Participant: 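This is the structure, below, for whatever I ask next.
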Amino acid sequence: MLWDLFCRVIDNHGDLGVTLRLARNLVERGQQVRLWVDDARALAWMAPVPSKCITIHAWPESEWPVAAVGDVVIETFGCALPEPVQARLARTPPLWLNLEYLSAEPYTLRSHRLPSPVMSGPARGLSKTFWYPGFVPGSGGLLREKELAQAQAEHDRAAFLTELGLQPRSGERLVSLFCYLHAPRQALLDRLSAEPTLLIGMGTCAEGLEARGQLRIRHLPWLDQATYDRLLWSCDVNVVRGEDSFVRAQWAGKPMLWHIYRQDDDAHAAKLQAYLDIRWPDRTSPVRLLWQAWNDLGPVAELDIPSDLQAWNEEARSWRTELSRQTDLCDQLLAFAETASPGSRAAPG
Ligand SMILES: Cc1cn([C@H]2C[C@H](O)[C@@H](COP(=O)(O)OP(=O)(O)O[C@H]3O[C@@H](C)[C@H](O)[C@@H](O)[C@H]3O)O2)c(=O)[nH]c1=O
């Protein structure tokens, strides 16, 4: 099948990062993908080696520049499709989906796979289906490569770290840091400095931070997506943010700390709690308190990284196992696309 994926880069790197992962997951399953994006600059570091099966196209603002529409059109994160595209869809309606943001909030399960009529514009009368990724059966699933477990089993941590020029000392914890700059980073570093730790600051995330106590800092430039994944597999604790790195840290199966994308109306607070409720439902769980503190939703005194990571490690691995048992997002999408009846396609009426 041919898939048209549409992506608008609002801010940061997650919009494109998620869309690229989806494109790659589809290609891995034998699909052809066209990726339409309004700002492809980050692909230079995220995906320096282009895939033959993914063609990159400028955002089609004023005309639909190719002959046919794909079998499936995916609008990511409600990026409104330009009118010429909508007009083209109205002529030969494909299966039209809107891939939503990842959340554990209960409303996502109610809304997942619901068709929604387009009320105005050239595509008026068509319908699009809402796809909600998630962590539990009944959700739209998580993006996961088919060969992920095997690649992890074959990963040579020592060789990989050497390739990156990272040389942790014996007994030193390796912590990767990818967060927004408003995080209580100094407080985190103070806590980490109580144990021998090498902190890897991604991009600009550790700018302005200094070594202290038993903590050393190394800065790395943005890595390509696959290399960043391997860094997550190689660290003892991963600090991640947004959406895509958050998922990747779960696949790494290591202790992790999520810096959630902050929303003006504080909607992120409910989103964080919903996730904590499925992963650490006990309100007194130290990890839950730590995550809340890191996200400015609890006292900073609770920002406490345990010195013994064993229990947290085991929890992270069993969480990964639980997630791996579920059908991943892309396999779910393919099954849906293959069986979608004409009524669930974007046909008028
Ligand atoms: C640190 C790093 C990240 N990456 C990738 C991983 C991800 O695909 C991408 C980062 O995206 P995220 O982890 O989602 O974090 P982000 O903060 O950049 O993106 C966020 O943007 C907001 C607009 C959205 O509302 C959020 O939900 C989220 O998408 O960059 C690399 O490829 N190399 C790197 O070195």
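Whatever order the structure lists ligands and atoms in, that order sets their numbers, starting from 1. Just the heavy atoms: all of them, side chains too, but no hydrogens, waters or symmetry mates, feed the values below. The structure displayed is predicted, hence computed values, not measured ones. One is the number of the first residue; the rest follow in order along the sequence.
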Participant: Please report which non-hydrogen protein atom sits nearest to atom 8 (O) of ligand 1, along with the residue it belongs to and the distance in Å to one decimal place.
Facilitator: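 Here the closest protein heavy atom is D244 OD2, 2.6 Å.
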Participant: Within a distance under 4.0 Å of any heavy atom of G17, pick out the atoms of ligand 1 and give their elements.
Facilitator: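 Matching atoms, with element in brackets: 8 (O).
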Participant: Name the closest protein heavy atom to atom 21 (O) of ligand 1, giving the residue it belongs to and the distance to 0.1 Å.
Facilitator: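 Sorting protein heavy atoms by distance from atom 21 (O) of ligand 1 puts N12 CB, 3.6 Å first.
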Participant: Taking the six-membered ring for Trp and the full ring for Phe, Tyr or His, determine whether the centres of F336 and W131 are under 6.0 Å apart.
Facilitator: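 Ring centres of W131 and F336 closer than 6.0 Å.
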Participant: Who's closest to atom 13 (O) of ligand 1 heavy-atom-wise, of G201, P221, A42, S245?
Facilitator: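 Looking at heavy atoms only, the winner is S245.
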Participant: Looking at ligand 1, does D15 have a heavy atom less than 4.0 Å from it?
Facilitator: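 Yes, that is the case, since the closest heavy atom of the residue is under 4.0 Å from the ligand.
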Participant: May I ask you to decide whether D229 forms a salt bridge with R21, counting only side-chain N to carboxylate O separations under 4.0 Å?
Facilitator: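 Yes, charged N to carboxylate O under 4.0 Å.
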Participant: In ligand 1, which numbered atoms sit nearer than 4.0 Å to a non-hydrogen atom of M202?
Facilitator: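 Answer, ordered by atom number: 1 (C), 35 (O).
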Participant: Please identify which atoms of ligand 1 are closer than 4.0 Å to at least one heavy atom of M46.
Facilitator: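 Once the distances to M46 are compared, the set is 30 (O), 32 (O).
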Participant: Could you walk me through whether L95 and V73 pass the side chain to side chain contact (heavy atoms under 4.5 Å, CB included) test, one step at a time?
Facilitator: CA-CA 6 Å; L95 175 60; V73 166; over 6 Å; no
Participant: Any idea which protein heavy atom is nearest atom 18 (O) of ligand 1, and the distance to it?
Facilitator: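 That would be H13 N, 2.8 Å.
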Participant: Could you identify the single nearest non-hydrogen protein atom to atom 27 (O) of ligand 1 and state the distance to 0.1 Å?
Facilitator: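 Checking every protein heavy atom, the shortest distance to atom 27 (O) of ligand 1 gives E243 CB, 3.7 Å.
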Participant: Is it the case that N98 and E100 place a side-chain donor and acceptor less than 3.5 Å from each other?
Facilitator: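 Side-chain D/A pair, N98 to E100: present.
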Participant: Using distance alone, decide if ligand 1 has a nitrogen or oxygen within less than 3.5 Å of any nitrogen or oxygen in R21.
Facilitator: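 So ligand 1 has no N or O lying under 3.5 Å from an N or O of R21.
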Participant: Are W45 and W222 near enough that their ring centres are under 6.0 Å apart?
Facilitator: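 Distance test on ring centres: under 6.0 Å, yes.
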Participant: With heavy atoms only and a cut-off of under 4.0 Å, state how D11 meets ligand 1: side chain, backbone, both or neither.
Facilitator: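 Under 4.0 Å from ligand 1, D11 contributes backbone and side-chain atoms.
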Participant: Does V247 have any side chain to side chain contact (heavy atoms under 4.5 Å, CB included) partners at least two apart in sequence or in another chain, and if so, which?
Facilitator: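 L102, L142, W251.
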Participant: Look at atom 2 (C) of ligand 1 and find which of Y180, Y228, F77 reaches it with the closest heavy atom.
Facilitator: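 The residue whose heavy atom sits nearest atom 2 (C) of ligand 1 is Y228.
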Participant: I need the nearest protein heavy-atom contact for atom 29 (O) of ligand 1: residue, atom name and distance, please.
Facilitator: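 Its nearest protein heavy-atom neighbour is G14 CA, 3.0 Å.
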Participant: Are Y261 and L20 linked, directly or through intermediate hydrophobic residues, by side-chain heavy-atom contacts shorter than 4.5 Å (ILVMFWY only)?
Facilitator: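 Different clusters.
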Participant: Quick check: do L303 and W294 have side-chain heavy atoms less than 4.5 Å from each other?
Facilitator: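 L303 vs W294: side chains touch.
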Participant: For atom 16 (P) of ligand 1, what's the nearest protein heavy-atom neighbour? Residue, atom name and distance, please.
Facilitator: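 Here the nearest protein heavy atom works out to R241 NE, 3.4 Å.
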Participant: Which residue holds the protein heavy atom closest to atom 33 (N) of ligand 1, what is that atom called, and what is the gap in Å?
Facilitator: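 Of every protein heavy atom, L223 O, 2.7 Å lies nearest to atom 33 (N) of ligand 1.
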Participant: For atom 25 (O) of ligand 1, find the nearest protein heavy atom and state the residue, atom name and distance (0.1 Å precision).
Facilitator: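 Result: Y261 CD2, 3.5 Å.
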Participant: Test M46 against D224 for side chain to side chain contact (heavy atoms under 4.5 Å, CB included), laying out the working first.
Facilitator: CA-CA 4 Å; M46 254 186 219; D224 65 82; over 6 Å; no
Participant: Under 4.5 Å side-chain heavy-atom separation, chaining through any Ile, Leu, Val, Met, Phe, Trp or Tyr, what else clusters with Y132? Say none if it is isolated.
Facilitator: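 Joined to Y132, directly or through intermediates: Y107, F130.
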Participant: Of all the heavy-atom pairs spanning P281 and D277, show the shortest one and how long it is.
Facilitator: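 Of all heavy-atom pairs spanning P281 and D277, the closest is CB-O, 3.4 Å.
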Participant: Taking only heavy atoms of W45 into account, list the atoms of ligand 1 that are under 4.0 Å away from them.
Facilitator: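 In order of numbering, the contacting atoms are 4 (N), 31 (C), 32 (O), 33 (N).
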